[in-house]
Number of protein chains: 2
Amino acid sequence: MAKSSQKEKSSPQARSGQHEVADRGLSGLIRRGNVFSEKCPSRDIMKNVTSRWGVLLLVALLEGTHRFSELRRKIGGISEKMLAQTLQRLEYDGFVQRTSYPVVPPYVEYRLTPLGRQIGKKVRALGDWIEENVPKILAARESR
Amino acid sequence: MAKSSQKEKSSPQARSGQHEVADRGLSGLIRRGNVFSEKCPSRDIMKNVTSRWGVLLLVALLEGTHRFSELRRKIGGISEKMLAQTLQRLEYDGFVQRTSYPVVPPYVEYRLTPLGRQIGKKVRALGDWIEENVPKILAARESR
DNA sequence: GTAAGTACGTACAAAAAGGTAAGTGCAATG
DNA sequence: CATTGCACTTACCTTTTTGTACGTACTTAC
């Protein structure tokens, strides 16, 4: 427990021009984000998703449900701390679902939610493209 | 002038097991990267592309050629230093092409290369998805 | 004459990300 | 009975990233 650290950013003076949407009064009814504007929540979401380990986790989980230790072994170089932290952020944003069974050696499963599968596919497309083009990029680097 | 700061990373002892490819002797002939393995160059490329400002620059440049200061104004919150640095990395990887005209107020253009346009599209797909789904994600965050 | 715009480079400082090592509680394994 | 694995958490420290502020060289606008 003890992970309820909500950032309260409700300052009295309205947050102006955050995502260029008519703010009709009450809670945030945002129709769409805009990455180009500072302070748009999409920036935050991006950060989690495109973080060093976030990318890899999404791609790994696209292949199916994994246990914590399976992910650790699958993703070369990740530390337990980072694995736990990144999984929690992805869970917080509704991309992964954590299921724990109260058995004696702990058994915890991580799987993508429908939302997570959607974004995971975009990330994998990027990852695949890079993997395929590593030679070209390396060549471009050297020819300077 | 004066921007030839090449990093020489040619250490005598071969870089072993880097991307699980039969290393047939000479320079790096890599067929494909593998993001899951540490030390694969794809990780490095990823880092540049998915960096905070790298993402935004690729998306911005997909809309066409821009000058330095145009980019600075377009991308909310970026500092000149980060703009220059990120552009240089993208140029180094062969994603952007820099053209400068020797006129008196300096005039420099940045545009995507064919390679940059390809990867830019993948990144934009991710960005678009996020922008569209900001409301859902925000909702997921709050419902806990 | 002073300010502003252009496209950066550089030094220093702050912030964020990441790594390491240890601890937890319990059971199966040797 | 000591060790190992499980799924983490925590404290502490190092590395990386990012920001701030200033300098440059020259010209046009005020």
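To find a chain, count down the sequence lines: A is the first, B the second, and so on, and within it residues start at 1.
- A close approach under 4.0 Å does occur between a side-chain nitrogen or oxygen of B:Ser79 and OP1 or OP2 of D:dG19.
- Set against D:dC8, C:dC8, D:dC26, the side chain of A:Val108 has D:dC8 as its closest nucleotide.
- With A:Gln85 contributing its side chain and A:Met82 its backbone, the two residues share no donor-acceptor pair below 3.5 Å.
- Atom CE in A:Met82 sits roughly 12 Å away from atom P in D:dT9 (whole-Å rounding).
- Picking from D:dC8, D:dA7, C:dA7 the nucleotide with the shortest atom distance to the side chain of A:Ser69 gives D:dA7.
- As rounded to whole Å, 8 Å separates atom P of C:dG18 from atom CH2 of A:Trp53.
- At the phosphate of D:dG19, OP1 or OP2 sits under 4.0 Å from a side-chain N or O atom of B:Arg52.
- If you measure from atom CE of A:Met46 to atom P of C:dA17, you get 16 Å, rounded to the nearest angstrom.
- Residue B:Tyr101 is classed as having no contact, given no heavy-atom separation below 4.0 Å to the nucleic acid.
- Neither OP1 nor OP2 of D:dA7 sits under 4.0 Å from any side-chain N or O of A:Arg98.
- For B:Lys121, the NZ atom sits in a loose shell: 12 or fewer heavy atoms of surrounding residues, nucleotides or ligands are nearer than 6.0 Å.
- Of the side-chain N and O atoms in A:Gln88, one or more sit less than 4.0 angstrom from OP1 or OP2 of D:dT9.
- Remark: A:Arg67 is in phosphate contact with D:dA7, judged by side-chain N or O atoms under 4.0 Å from OP1 or OP2.
- In the set C:dG9, C:dA27, D:dC6, the nucleotide with an atom closest to the side chain of B:Ala84 is C:dG9.
- At distances below 3.5 Å, at least one donor-acceptor pair connects side-chain atoms of A:Arg117 with backbone N or O atoms of A:Leu112.
- Between A:Gln85 atom CD and C:dG18 atom C1' there is a gap of 8 Å when expressed in whole angstrom units.
- A straight line from OH of B:Tyr107 to C1' of C:dC8 spans 17 Å, rounded to a whole angstrom.
- Across the interface with DNA chain D, nearest-nucleotide mapping of B:Arg89 and B:Glu80 shows B:Arg89 to be the residue nearer the 5′ end.
- The side chain of B:Lys47 places an N or O atom within less than 4.0 Å of a non-bridging phosphate oxygen (OP1 or OP2) of D:dT17.
- Atom P of nucleotide D:dC6 and atom NZ of A:Lys81 are separated by 22 Å, given to the nearest angstrom.
- At a threshold of 4.0 Å, the pair A:Arg43-A:Glu38 does not count as salt-bridged, since none of the basic side-chain nitrogens sits closer than that to a carboxylate oxygen.
- Between the side chain of B:Glu131 and the backbone N or O of A:Val35, at least one donor-acceptor pair lies under 3.5 Å.
- In this structure, the CD atom of B:Glu109 is 14 Å from the C1' atom of C:dT6, given to the nearest Å.
- For A:His66 and D:dC6, the NE2 to C1' distance is 17 Å, given to the nearest whole Å.
- Annotation: of the two residues near DNA chain C, A:Ser51 and A:Pro105, the 5′-most nearest-nucleotide partner is A:Ser51.
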